[in-house]
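As structure tokens, the structure follows; a few thoughts come after it.
In this text, all values refer to a predicted model and were calculated from it rather than measured experimentally. Along the sequence shown, residues carry numbers from 1.
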Amino acid sequence: VQLQASGGGLVQAGGSLRLSCAASGGTFSSYYMGWFRQAPGKEREFVTRISRSGGTTYNADSVKGRFTISRDNVKNTVYLQMNSLKPEDTAVYYCAADLGHCKGYRCYDESGMDYWGKGTQVTVSS
């Protein structure tokens, strides 16, 4: 499956952005979808994950209450709505897909993902 993320940009602190990730070449509803991010000089970290149906989500503590993941299995797209953005949210954001074979922590770690899209830059100014 191919993943294409978009929607990044420059925003002031407190603002909002909505990222999209369009999937092609596979059965989108078969995949769990997630977002990860990588800030300069840091390792890539888990942000959020959504189940195949969209009924279950899991967010990293750092984004709880501010970020919301959703998906549209007709449009083959996953979204990340980011509100109340902070300068520390500045990073390259990546969408990822996995078939659900991961176990335990790997479902929230890059090692458990099967496919990756190219990232989209999000910059939050103070």
Side-chain angles (χ1 to χ4, degrees):
V1 63
Q2 291 78 48
L3 304 173
Q4 180 64 54
S6 61
L10 173 64
V11 63
Q12 288 188 333
S16 299
L17 276 177
R18 189 194 195 202
L19 305 184
S20 300
C21 176
S24 61
T27 303
F28 182 69
S29 59
S30 298
Y31 295 92
Y32 288 79
M33 299 298 297
W35 288 94
F36 290 72
R37 66 185 181 185
Q38 187 168 22
K42 295 187 176 181
E43 295 185 351
R44 188 152 51 182
E45 65 174 1
F46 168 80
V47 176
T48 185
R49 176 180 172 83
I50 190 167
S51 63
R52 295 180 176 113
S53 68
T56 302
T57 62
Y58 185 83
N59 291 339
D61 288 343
S62 58
V63 305
K64 280 182 180 177
R66 301 188 299 122
F67 290 12
T68 303
I69 188 172
S70 62
R71 68 188 295 161
D72 186 330
N73 285 348
V74 174
K75 295 183 177 179
N76 292 350
T77 302
V78 62
Y79 305 97
L80 180 62
Q81 178 66 44
M82 305 185 292
N83 298 329
S84 302
L85 282 161
K86 305 175 181 180
E88 51 263 44
D89 294 319
T90 295
V92 178
Y93 283 71
Y94 300 88
C95 60
D98 74 90
L99 286 165
H101 301 312
C102 57
K103 301 296 182 184
Y105 81 93
R106 289 191 182 277
C107 296
Y108 314 102
D109 185 86
E110 59 181 334
S111 64
M113 301 300 105
D114 296 311
Y115 302 97
W116 291 91
K118 292 183 179 179
T120 184
Q121 176 71 47
V122 171
T123 303
V124 184
S125 63
S126 56

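- Formation of a donor-acceptor pair under 3.5 Å by the S20 side chain with backbone atoms of Y79 is not found in this model.
- Side-chain contact between F36 and V92 is absent, with no heavy-atom pair separated by less than 4.5 Å.
- Around atom CD of Q4, no more than 12 heavy atoms belonging to other residues, nucleotides or ligands sit under 6.0 Å away.
- Across L3 and C21, no two heavy atoms sit closer than the pair CB-SG, 3.8 Å.
- With N73 contributing its side chain and S29 its backbone, the two residues share no donor-acceptor pair below 3.5 Å.
- How far CD of Q81 is from CZ of F67: 9.5 Å, rounded to the nearest 0.5 Å.
- In this structure, T57 OG1 and K64 NZ are separated by 10.0 Å, a value rounded to the nearest 0.5 Å.
- Residues Y31 and Y115 form a side-chain contact, since some pair of their non-hydrogen atoms from C-beta on lies under 4.5 Å apart.
- Annotation for I69 and M33: closest pair CD1-O, 3.9 Å, computed over non-hydrogen atoms.
- For D114 against L99, the heavy-atom pair with the smallest separation is OD2-N, 2.9 Å.
- Applying the ring pair (Phe, Tyr, Trp, His ring centres under 6.0 Å) test to every pair with at least one member in residues 80-105, sequence neighbours left out, gives no pairs at all.
- Within a 6.0 Å radius of NZ in K42, other residues, nucleotides and ligands contribute 12 heavy atoms or fewer.
- The heavy-atom pair separating A13 from S126 by the smallest distance is CB-CA, 4.4 Å.
- Hydrophobic clustering, with ILVMFWY side chains joined whenever heavy atoms are under 4.5 angstrom apart, keeps I50 apart from W116.
- Distance check, rounded to the nearest 0.5 Å: CG of N59 to OG1 of T68 gives 7.0 Å.
- Here salt bridge (charged side-chain N to carboxylate O under 4.0 Å, His left out) pairs that include residues 15-39, with residues two or more places apart or in two chains, are R37-E45, R37-D89.
- A side-chain donor-acceptor contact under 3.5 Å links R66 to the backbone of S84.
- Ring geometry for Y108 against F46 counts as perpendicular: the plane angle is over 60°, on a 0 to 90° scale with 30° as the lower cut.
- T48 has its side chain out of reach of Y58: every pair of non-hydrogen atoms, C-beta onward, lies at least 4.5 Å apart.
- To the nearest 0.5 Å, the span separating CG on D98 from CG on D109 amounts to 11.5 Å.
- Between C107 and M113, the closest heavy-atom pair is O-CE, 3.6 Å.
- A donor-acceptor pair under 3.5 Å links the side-chain atoms of T90 to the main chain of V124, judged by distance alone.
- Heavy atoms only, all atoms of each residue included: V78 and F28 are closest at N-CZ, 4.0 Å.
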